[in-house]
Amino acid sequence: MNIVIRKCLLAAVLTVLAAFLTTGCATEHRFIKKTAFKDTNQIVIEFAGPVDEAWAKNPSHYSVYEKPDPDIKLKIQTITLSPDRKTVALTFADPLNQNQPHVLTATGITSEGKSLGTAILSVKKVYLGYLFSILIGAMIINNFVFTKYLGLCVFFGTSQKKSTAVGMGITFTIVIVVSAMMAWFLYQFVLRPYRLNFLQIVVFIGLVSLSVQAVDTILRKVNPMLFKAFGVYLVLVIANCIIIAVPLILADNEYNALESLMLALGAGLGFLIALFLMSSVRERLELARVPPTYRGLPIAFVVAGLFALAFLGFSGMSIF
Amino acid sequence: MLTVSVSPHIKSGESVEKIMWTVVVCLLPPLILSVFIFGVQTLIISAVSVASCVAAEAVSQKLLHRPITIKDGSAVITGLLMAYVIPPGVPCWIPILGAVMAIYVAKHLLGGIGFNIFNPALIGRAFLMATFPVAMTSAWLPPIRDAAVFKYMGSGIDAVSTATPLYVLKHYGIGALMEKFGSMSAIYSDFLVGWRPGCIGETSALLLLLGGLFLIYKRYITWHIPVSVIVSVAFFTWVFGGEKFFTGNPLLAILSGGVFLGAFFMATDYVTSPSQAPAKLIFGAGIGALTVLIRLKGGYPEGVCYAILLMNPLVPALEGWFRPKRFAPQKGA
Amino acid sequence: MNDLLLTFPKGGVHPPERKDLTEHSAVEPLPIPEEVEILLNQHFGAPCNPLVKKKDQVAEGDAVGEVDKGLGATIHASVTGSVKGVGLSAHPIAVKAPSILIQTDPSAEPREWQPSDWKGLSREELLRRIKNAGIVGIGGAGFPTHVKLSPPPDAKVDTLILNGAECEPYLTTDHRLMLEHAEKIVEGAKIILTVLGIKDCRIGIEANKLDAIEAMKTACGKASPNGFNVTVVPLKVKYPQGSEKQLIQSITGRRVPGFGLPFDVGVIVQNVGTTKAIHDAVVLQKPLYEKVVTVSGRGIARPANLMVRIGTRISDIASYLGGTLPGLAKVVLGGPMMGFAVSTLDIPVTKTTSGILFLTEDEIDARPYGQCIRCGWCLDACPMGLLPNEIGVYVEAGHAGDTSQFGVFECFECGCCAYACPAKRPLVQFIRLAKMKAKK
Amino acid sequence: MPATTKTNFQLVSNGILNENPIFRLALSMCPAVGISTTVMNGLMLGIAVLFVQVFSSCTIAAIKNYIHPRIRIPTYTLTIATWVTVIDLVLAAYVPAAYKEMGIFVKLIVAFAIITMRLETFACKNTVSASFWDGIGMGFGFMFGMVALGFVRELLGMGTLLGYDVLGFRPLLFFVLPAAGFFCVGIMMAVFNYVEIVYNRKKRAR
Amino acid sequence: MKQIIRITVGLTISCLIAALVMGSVFVITDKAKRHNEHVNVQQTMLGLLGYSTSHPAPPELKLYSIYRYIFTDGNVNTLGYVLPVLKGGGVGYQLMEMDLDGGFVAQHPLDLAPEDASESAERSAALRKAIKPPKTFSYADATIVAKLGEKRLAYLLPGEFPGFKTFIHVMLALDPSFEILGLEITEQEEDPGLGAEIKQDYFKNQFKGKSFKKIKELHVVKEPLPEEYKAYLESQKGKESPIPKAELDVIRSRYQDRDIYALTGATISSKAVTDGVKNMVAKFAYRINRLDKVISARNIPAVF
């Protein structure tokens with residue numbers, strides 16, 4: 001059982017790593033290493049080599065605008081160059097709206113007297129960070145169970161024992177990632193282009209059943225031991241509204257593939273965390289002298305309410 | 001008539017009542033100080049809070065046909081702690097509602113003392129936060145001594161117009177805070193003594209520290225949780241709290257807000273904290289990390305209370321993971 | 001000073017010692033009572049079969065009961081007199097148990113036991129003498145000593161530990177024995193070492209008995225080494241220092257595995273009282289029919305250490321010491337931490353009775369217990385690393401059957417948890433219930 | 001398989017009381033916690049569920065003889081999904097404000113265990129009219145639960161009922177938060193349990 | 001085998017029936033949905049302009065939408081405005097391309113019927129026909145110009161900006177001199193009782209009447225809202241008010257140039273709205289001036 005869990009976790013971690021690695025590869029200009037926001041009103045450009053001070057200190061060589069507003073150039077107040085002449089910090093008159101990607105154009109970059117041409121760069125919040133914030137957001141801050149109140153039937157049904165809860169959580173995470181990715185592809189490449197949005201409910205529920213069936217079959221063939229451990233939960237997964245809610249949210253928010261993956265993973269892991277916490281608490285409640293009218297589900301609801309009160313502490317949190 | 005019972009026939013002199021009332025005594029100095037800082041209403045609020053908690057305890061136990069144990073002082077502690085984490089400027093009837101939630105729902109519905117998953121006082125506070133968000137996040141009073149300094153930003157019309165140091169820090173930066181207090185050393189000394197806006201019982205780091213040390217000396221609590229909470233708050237603030245990494249101000253972070261109150265008196269609540277040393281350290285470190293997370297990235301300027309609440313449900317799992325090392329475990333078990 | 005001494009690493013409590021009531025009173029012999037009731041089931045193992053019938057005349061030291069088969073030890077008449085009958089009498093644990101009632105012959109002279117040299121006797125002869133004397137571990141459950149001294153051949157025993165810790169509050173029998181009979185104890189240790197064929201013996205004594213430590217050290221020094229290595233080890237004052245497994249760990253650092261016995265880690269443990277009895281059995285060939293008992297507590301007029309014949313009723317002892325005082329709430333056979341409370345004074349002393357405590361209300365804590373507040377003090381107190389709080393909660397919730405996961409069977413009921421519990425929860429009682437339920 | 005012997009009235013009252021989907025069967029609780037903040041929300045979602053339940057029940061009851069047993073569950077799912085889509089589209093078109101309030105929950109009706117359960121245990125064995133009444137009962141049961149929760153939460157949370165200011169002030173804002181949804185459902189369930197216990201005790205006394 | 005065929009046929013038939021049902025419902029409801037949405041938006045706009053059921057808008061009031069796109073051709077960005085123009089007596093649409101410095105680039109006719117213009121899909125289709133492939137376009141924003149007869153009455157700007165929790169969607173009404181006529185919060189998910197109070201009259205009406213000059217340096221103050229001002233703010237919307245009109249004017253003039261009073265306990269939300277509005281107005285004023293210049297210079301028959 002333990003090995004099974006460890007294997008699953010390992011697989012999940014590897015998937016996440018792979019996803020992160022592939023995103024980090026995109027480069028924009030060979031001479032510019034990195035651009036990033038700093039403070040509320042700064043953009044920092046890191047060059048691969050030293051740039052000429054005369055070029056760097058001239059504000060007219062830069063133009064910066066928010067992506068949807070190419071006509072409105074942002075006013076650069078001061079420019080500072082680091083002693084090694086590799087880093088330029090542009091300070092703007094007004095605070096930047098860092099939620100928007102900014103487009104930075106650096107014309108005629110000169111380094112040691114040599115002109116290196118013009119670079120157009122997009123400055124945005126670290127994408128990895130953004131992905132990470134989607135993951136953490138779905139997992140903890142906007143936990144689907146405690147702050148979005150979804151998936152409750154299964155949540156209360158399978159949180160009585162810790163082992164059941166963990167099994168359910170893992171199974172659920174796998175299925176939701178599989179079905180959400182399938183749903184995303186179908187939505188992006190079939191439903192949306194052909195304006196069949198109204199079919200999304202039917203399509204998504206069909207996909208969920210399909211992926212449950214697929215996981216069931218594959219598991220049964222590939223790893224019967226794993227199937228024995230988790231097979232019983234597969235039937236329950238389909239009655240969980242999170243699994244249908246995630247594709248719907250993906251469709252509403254127009255996430256890209258990676259973001260969708262993060263959201264689905266976050267939703268699944270968040271459900272796992274919620275189940276784990278709830279089950280460990282309920283195992284203790286089993287022993288408590290709960291008033292008879294509250295025994296069983298009612299007290300579980302009250303405890304979930306207390307959880308939700310505690311999770312209010314996360315309200316308004318934005319990590320990146 | 002000779003009594004016949006199972007061994008042991010002698011018991012240690014400690015009792016639940018003794019522990020609880022000692023904690024109550026340790027909690028009193030900050031309350032007395034708060035009367036000097038904010039005025040008599042803090043005393044009234046605390047009294048209402050304690051009275052309503054005790055009443056709620058009695059009524060709940062009566063309703064649920066349990067022996068009435070208001071004399072053991074646990075409801076008094078709940079009442080005091082709940083009063084300590086609400087702003088001094090709230091209407092004094094507010095704690096009554098919190099008491100019902102804290103004592104009846106969070107404690108007695110779950111089986112009474114020993115079975116509550118969450119710290120009742122903090123549940124009461126979270127409930128009040130959700131119910132009276134405006135009062136609970138803005139009814140700060142300036143310290144009486146130099147009230148004028150703390151009227152934050154422009155001309156205050158009524159008294160309720162100051163802001164907690166953490167709020168100022170979060171939204172206006174350290175400069176604004178320096179302006180209020182004069183100098184960095186003035187900030188530290190005022191924070192240590194408690195001469196600053198804040199919740200009723202959280203302002204005086206010094207008195208809380210003394211009370212906590214007394215409890216540690218009496219062996220009612222161990223050093224693990226307080227130290228790990230304070231150290232991790234300091235550490236994470238130092239790492240993430242500044243403009244760059246490793247430039248935060250850890251001293252300011254632990255002196256401001258309710259770190260000492262939370263570390264010594266709330267996180268150490270027997271029922272809602274783990275009992276093994278490694279688990280305690282993890283529990284405390286988790287509280288510290290979540291506190292800093294909420295302070296820096298969250299929607300509230302202060303996060304100790306929510307951090308403790310968020311770590312509380314992890315306690316059963318932590319206790320399962322960290323059990324005492326068995327002297328002679330059965331083979332194969 | 002106390003912190004530097006050897007001790008076991010985990011758990012334990014430090015109850016008030018209250019040894020001052022009796023620690024300075026020398027052992028005085030109790031006048032022979034008019035009647036003794038010798039229980040046939042005094043200790044660990046099968047009950048004895050009576051060897052005498054009604055109206056038989058018996059002399060001090062005659063065997064009156066024997067075990068047919070299985071574990072057990074012979075019992076002897078403790079007085080000279082006539083058998084009044086074989087009947088039932090009150091028993092500290094099993095409410096009634098069979099016993100032999102002997103009417104004392106007041107005219108009989110006390111029997112004299114002549115010492116003889118034991119050196120040169122074979123191991124078998126030594127064991128036979130020990131067995132015939134009916135010696136059992138008089139500090140604890142009363143495990144027959146000759147069995148204990150014959151470990152299986154594959155066990156590699158290298159150390160003998162004499163248990164002089166006497167960690168229970170009030171009790172001072174071992175303390176007095178060590179003071180008054182130090183040389184006999186060392187001699188007894190040599191006998192045991194000879195039986196076991198080893199050389200090393202350590203005597204563990206808690207540091208609150210400094211005079212006993214001194215006396216024993218002197219005795220060890222006086223005794224000619226003969227290749228034996230007998231040393232005194234002062235131990236930190238902590239309950240349950242005298243528990244076999246804890247004592248072994250304190251002195252040797254070895255850990256007896258779960259459900260194992262001391263010889264699994266190469267150690268044999270004997271109580272100092274037992275050692276003295278072994279000395280008597282081998283040197284004097286005197287059976288075990290009298291023993292030192294501490295009578296203490298604030299509920300008795302004159303606390304004392306008495307040499308008591310086995311079978312003497314507690315009521316006789318109480319009246320000898322001036323009777324009980326008002327405020328008496330509880331009478332405990334054994335120490336206050338692990339002894340048994342009895343409901344009547346008509347109970348005879350057995351071989352394993354090390355103390356009779358007359359406790360008043362202010363000595364015991366009879367306040368009603370409350371719900372567990374999860375303070376975890378019992379976890380800190382438990383020397384076995386168990387979870388008494390969880391076991392208690394499980395038992396109260398009716399889930400006693402699920403408690404074996406907490407290792408409930410490893411508990412030896414030292415009572416530390418219940419002593420430490422601020423909510424006064426009867427944790428030992430819960431654990432006993434759990435053991436009963438979980439077995440099924 | 002035996003068709004139900006209950007009268008229509010019994011079918012309806014069964015759904016509202018004995019087998020109330022929220023408080024007794026403890027199914028479809030997400031919306032009960034999530035959007036029972038106002039009576040209006042409860043009413044609208046209740047109506048949506050009522051329609052989906054009734055239509056699906058009738059559909060299945062009508063075509064029960066043509067469904068191959070192997071594809072029973074997929075057929076149910078398809079039927080429910082179809083009707084949910086229909087309701088979703090209609091609500092989005094004609095009551096956009098209320099639809100926006102309910103958010104994702106209308107679409108989530110498709111994952112409600114209660115509807116599938118009624119199809120499986122009732123509609124596929126009974127006549128169209130019995131299924132109709134059973135669907136009405138279940139739908140009203142759900143609606144009753146939602147409205148009751150909405151009533152409590154709206155009154156205590158906002159001081160209003162159906163949007164009209166009743167109390168003139170906001171008593172406890174807490175009740176419009178998700179946490180309160182959990183509490184309200186828990187307490188309502190306890191009330192149902194209590195009534196049952198008292199009822200059984202009385203019955204036994206008789 | 002026979003069974004499989006039966007199952008397949010059965011499933012196919014039920015899928016077809018389901019698709020038929022859903023498809024027909026979609027077709028039936030889609031129009032109504034769009035209509036209702038349109039009506040909804042219209043009502044918000046009219047509400048901002050001060051019209052209501054008791055005070056209906058005059059028939060000569062016309063609302064024209066301008067849609068702004070960003071065209072990208074390699075590294076060159078241009079702005080594309082989809083403008084309502086006079087076309088054969090009615091209203092048609094024209095695409096006008098401007099460079100980033102406000103210079104005119106090109107002008108294309110658009111095949112877009114006025115009733116389809118509010119549909120983004122229809123507009124995209126029309127744009128795709130009008131511009132050549134290497135050039136791509138992306139939608140930026142929309143502006144609605146309200147015209148009463150020949151006079152520009154107001155600009156209506158829908159917009160969104162990040163709030164305390166999620167994005168806050170607003171509709172802002174400006175008069176031709178960019179004074180704020182009104183602010184409506186159309187969508188928000190702030191905390192109930194705290195940030196969600198931004199939709200209360202006493203907060204959003206504070207923006208009303210702020211001049212363009214004041215908006216540029218609008219701040220949020222963390223001070224309690226004065227009672228009389230609150231009463232004044234809540235007395236808006238043509239309701240009967242206990243305060244006499246003369247006094248209202250006095251109050252208005254007193255607070256006209258004050259900053260925005262923050263909501264108690266929700267400074268972040270208040271600041272988000274204030275900054276968002278500030279930003280919207282500044283950008284819009286900048287753009288509409290340039291657009292007007294080009295339109296008058298090129299003699300484009302714009303209807304607004």
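Below, chain A is the first sequence line, B the second, and so on; all start at residue 1.
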* **pair A/Leu306-B/Asn312: side-chain heavy atoms closer than 4.5 Å** => no

* **Nearest-0.5 Å distance, OG of residue A/Ser280 to CG of residue B/Leu314** => 7.0 Å

* Is it the side chain or the backbone of B/Leu64 that comes within 4.5 Å of chain A heavy atoms, both, or neither? -> side chain

* Heavy-atom pair count under 4.5 Å with chain A, highest-scoring of B/Met101, B/Met129, B/Glu319, B/Arg66 -> B/Arg66

* **From CZ (A/Arg284) to CG (B/Asn116), nearest 0.5 Å** => 9.0 Å

* Do B/Phe127 and A/Leu312 come within less than 4.5 Å of each other through their side chains, counting heavy atoms only? -> no

* Structure fact -> NZ of B/Lys297 to CD1 of A/Ile136, rounded to nearest 0.5 Å, is 13.0 Å

* **Side chain, backbone, both or neither of B/His65 within contact of chain A (heavy atoms, under 4.5 Å)** => neither

* To do: Name the option with the most non-hydrogen atom pairs under 4.5 Å to chain A; the candidates are B/Leu290, B/Leu110, B/Val315.
  => B/Leu110

* To do: Heavy atoms only, distances under 4.5 angstrom: which of A/Leu285, A/Val290, A/Val303 has the most pairs with chain B? Name it, please.
  => A/Val290

* Asked: Side chain, backbone, both or neither: which part of B/Ile117 has an atom under 4.5 Å from a heavy atom of chain A?
  -> side chain

* Asked: Can you tell me how far CZ of B/Phe118 sits from CZ of A/Phe307, rounded to the nearest 0.5 angstrom?
  -> 4.5 Å

* Contact origin within B/Leu293 toward chain A - heavy atom pairs under 4.5 Å -> both

* Minimum heavy-atom distance between A/Leu309 and B/Tyr306, given as atom pair plus value -> O-CE2, 3.5 Å

* Option in B/Ile308, B/Leu309, B/Leu310 with maximal non-hydrogen atom pairs under 4.5 Å from chain A -> B/Leu310

* Relative to the ring of A/Phe276, is the ring of B/Trp321 parallel (under 30°), tilted (30 to 60°) or perpendicular (over 60°)? -> parallel

* Work out which heavy atom in A/Leu277 is nearest to a heavy atom in B/Pro313; give both atom names and the distance. => CD2-O, 3.9 Å

